[in-house]
Amino acid sequence: MLGLALTTLRARKGGFVGTFVALLLGSAVLSVCGILVESGLRSSQPPERYAAADVVVAGHQEARTSSRAERGKTPVPQPLVERVPVPTDVVEHLAAVEGVDTVVTDTGIPARVIGADGAVLSGANGEPPTGHNWSSTRMGPYRLVAGRAPAGDHQVVLDAGLAARAGVTAGDTVALMTGSRPERFRVAGVITLAGNETPRRSVVFFTDKLVERLAERAGSADALGVLAAPGTDTERLADAVADALGERDLAVRTGDSRGEAEFLDVASTGSTLVLLASAVAGNVLLVMVLVVAGTVSLSVAHRRRETALLRAVGATPRQVRRMVAAETLLVALLGGALGWPLGIAMIRWIRDRLAGHGFVPPDFEPVIGPLPALGAVATAVLTAHTAALVAARRANRIRPTEALGDAAMERTGLGRGRLITGSVLVVGAAGIFVAGLANGGDFTVLVGLANSLVLVVVIAAAVLGPLLSRLSMGLLGPLLSAFGVTGQLAAANSAARPRLLAAAATPLVLAVSFAATVVFAQTTAQHAAQKQLRDGMSADHVLTAAGGLAPDVVRDVRRLHHVSAATAVVKSTVVASPGAGDGHELVSLSVQGVDPKHLTGTMDLKPYKGDMKRLDRTTVALSTVASSWLGRGPGDTVRLRLGDGTPISPTVVAVYERGTGFADVTVDHDLLLAHTTSRWDTSVLVRAAPGTNGVAAALSEVARHYPGTVVQDRLDVGDQMRRQQANAWVNYLLAGLILLYAGVTVANTQAMNTSTRRREFGLLRLGGTTRTQVMRMMRWESLAVVLTGVGLGTLASVPALVLVSLALTGSVWPTVPPLVYLAIAGGVAALAVVAALVPARLLLRTSPVEAVGARE
């Protein structure tokens, strides 16, 4: 059978092109997802400031559950976006460990460098510099190239790159902003990292006492560096340090993993990539299964005469299955293997896009290992092999004595198994939709049902494809017949071949339904967020800064007689566990910290349960989305972990509706600010006093004292929604991959269907039909395919979008930009038409006699 399979492949190269391309693209996309997952699990950044520390003790930068969930599954960890502090009371315990020479603490503070023109200077890689205590230089291979260590509160040491950027050297003065307004510091020295002229992050070193005072974090540090005594084995020392820490939930790092403790973005990137790639891979795998199954099935269906002849001359069903499986296996191995280098080429482009939207650092380098390649090839082979066995089993159902006669004409009926399966799926989809309508106020239920609904509807459309094609032609047939002989021929062909029409239309259904669901769910969410933001923002002006605002800014603004209300807003992320236990799935939610006394004048969150005025350090307000996720309302206690991992159990005092535009969770300003890395505000919202003029000028004067601060005269929705726009890009990327994959399948399917009609075109031309008439007939047939596929795809996406819109806006009408819909539907339709007409035109170049006599 292997020899026969190879012979068939050589003789029918065109028939296997569709399967090969589908497997090639599927393997490439899965390879990309695998690389991202592996990069998230294994990516590391060599340490710089911590390179001289043998062992580094830091906090875990991810939230994990302390117990297992139901059925033995452990919930996926969620990244903690703020630096997790390390208690310094463990220093004495670590210093007593055998082999430890010194334990060094490292504490960071914001440190903006102000240039000679008054502008804020960026550090290496465009990131703001950070300030650290001078004693922490013992953790890195630092070398003073000029001057000396800082000796007082107004002396600093700069790294060489930052000093050059600021145009200063030892003995000069430099303006720095460490907490409030800029101050002048004398540059006591300039320092470099041995063997690293361009550090990843620029740094400013202050005296230990000044950093301790400015950090306001008594009893904690960013990390602890353990310096080993000479001759001590590092791995043994790490084990001893872990034992000395006991049950404290701290990470003990050596080697390159020390970089995760040093660079917060590296630590959070891993979890983000794993979650992102896993979500994309799941959707792509589903599409791949449907596409490959349809392509293989179509390829086998086009060989009905050949299969019938083999059966008639004595081939057993098992031999036919083995032949088809061997052919598909060879194509799958080739397509899967070539998909790997294509995936590597794609990962570079995707890496740049992820960095541009802030999901990964600008200098992020993906880890490219063999496991994603093996996984992608194995998935391609398994998917193709399963599809081949199913398709061969269908071809083997006819008896040998009936094979040749059956092969002459396509079956138009729907098998009992497919009819029962399709009916069950339709009933299931209807039940899911009704359940969603009945739970219109429960966001969690609606989102879960919407995700399931589009999948069930698409599978039902694929299973019932021939039946739906006949129904479609019942509507389109009279329309096509009205356009003369060619329209009548097109209608007759489409009606007589419902399976081929279904095979051609199914990829269009898949492309349009999935892409429309992903894209329009995002446009609905963005429209809802923009509307909530505009309706709920009552501030006249917004003050922002690239690295955040010092807490003193809002105090100065409130002193202005032009201002009736000023609200400082700090934003971060909290991690929560739905349900009462600690073993449930973890979820990350956006959180904002506000002063409830100054909230109502600048922001209206539209509470509909509870009282926002009761918000304090022991209470919390939830959006309707968060309330649904967590199953909590006013009077309930909710378990949260702030951005630095600090657990809190506040009481819910209110539930508000405008969480999509602002934040899922609202807490007390000072509580959240104390648990952020920078301790700076995100923005200040300002409401002008009635009847006053010159508010903008007064705010600009305040901003002048805080370099980098920008005053916006009106609400910049785009700036406020930057994170949502970044998340939207991920969904658009997913939609693009699905459209690309399904679009190529549309082209393959149409080309495969057309290429098998050589004899038919020859007979039509021998009967008097001209080339122009044949092409006109093909145009009408392509129109039938497009209308059927796009129409069914659009209908398949509607129920899920209705549920998404109900979850986000309370309305059944999703936001569907007409031009975007036309781009999706029109792009897929144009591809389908071109893929059918180009092969038809090429086939018509053959003379009718040669076409009729040509081999199949």
Side-chain angles (χ1 to χ4, degrees), residues 40 57-69 73-87 90 217 219-223 245 247-251 260-261 264-272 274-275 444 569-594 615-623 625-633 636-653 655 659 662-679 682 723:
V57 177
H60 288 289
Q61 286 299 145
E62 61 182 16
R64 299 165 296 168
T65 57
S66 58
S67 61
R68 291 190 176 272
K73 295 182 180 179
T74 302
V76 177
Q78 295 289 329
L80 296 172
V81 299
E82 312 291 350
R83 185 172 292 280
V84 177
V86 178
V90 302
R217 282 180 282 171
S220 66
D222 287 354
L245 291 174
E247 296 182 357
R248 292 180 182 266
D249 189 22
L250 295 172
E260 295 185 35
L264 186 61
D265 55 353
V266 173
S268 60
T269 293
S271 300
T272 301
V274 171
L275 294 173
T444 306
V569 181
V570 56
K571 293 193 174 183
S572 184
T573 300
V574 294
V575 177
S577 176
D582 193 32
H584 290 73
E585 179 185 0
L586 297 175
V587 58
S588 291
L589 301 170
S590 59
V591 59
Q592 64 178 359
V594 297
L615 187 66
D616 57 32
R617 296 180 68 92
T618 63
T619 60
V620 65
L622 303 177
S623 68
V625 172
S627 177
S628 176
W629 272 116
L630 305 178
R632 295 290 183 269
D636 295 332
T637 299
V638 60
R639 302 177 66 179
L640 303 175
R641 302 183 197 184
L642 298 176
D644 65 350
T646 301
I648 60 174
S649 298
T651 301
V652 180
V653 295
V655 176
F662 290 90
D664 298 315
V665 181
T666 300
V667 299
D668 177 78
H669 172 270
D670 293 342
L671 170 65
L672 185 60
L673 187 70
H675 293 280
T676 59
T677 303
S678 67
R679 305 293 204 277
T682 304
R723 172 47 58 182

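We're numbering straight along the sequence, starting at 1. Please read all numbers here as calculations on a predicted model, not as lab measurements.
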To the nearest 0.5 Å, tell me how far Leu630 CG sits from Asp664 CG. 9.0 Å

Without swapping roles, check the side chain of Ser577 against the backbone of Leu586 for a donor-acceptor pair under 3.5 Å. no

Hey, does Arg641 have a side-chain heavy atom less than 4.5 Å from the side chain of Gln78? no

For the residue pair Val90 and Val57, establish whether any side-chain heavy-atom pair is separated by less than 4.5 Å. no

Could you tell me whether a side-chain N or O of Gln61 sits under 3.5 Å from a main-chain N or O of Asp644, the two making a donor and an acceptor? no

Please round to the nearest 0.5 Å and tell me the distance separating atom CD of Gln592 and atom OG1 of Thr573. 12.0 Å

Would you find a donor on one side and an acceptor on the other, under 3.5 Å apart, between the side chain of Thr676 and the backbone of Leu673? yes

For Ala63 against Leu80, the heavy-atom pair lying closest together: N-CG, 3.8 Å

Given the rule in the side chain to side chain contact (heavy atoms under 4.5 Å, CB included) test, do Val84 and His60 qualify, once you have shown the distances and angles that lead to the verdict? CA-CA 7 Å; Val84 177; His60 288 289; over 6 Å; no

For the side chain of Arg83 and the backbone of Ala261, is there at least one donor-acceptor N/O pair under 3.5 Å apart? yes

Check step by step if side chain to side chain contact (heavy atoms under 4.5 Å, CB included) holds for Val594 and Leu615. CA-CA 9 Å; Val594 297; Leu615 187 66; 4.2 Å; yes

Any non-hydrogen side-chain atom of Val625 less than 4.5 Å from a side-chain atom of Leu589? no

Could you walk me through whether Asp616 and Val653 pass the side chain to side chain contact (heavy atoms under 4.5 Å, CB included) test, one step at a time? CA-CA 10 Å; Asp616 57 32; Val653 295; over 6 Å; no

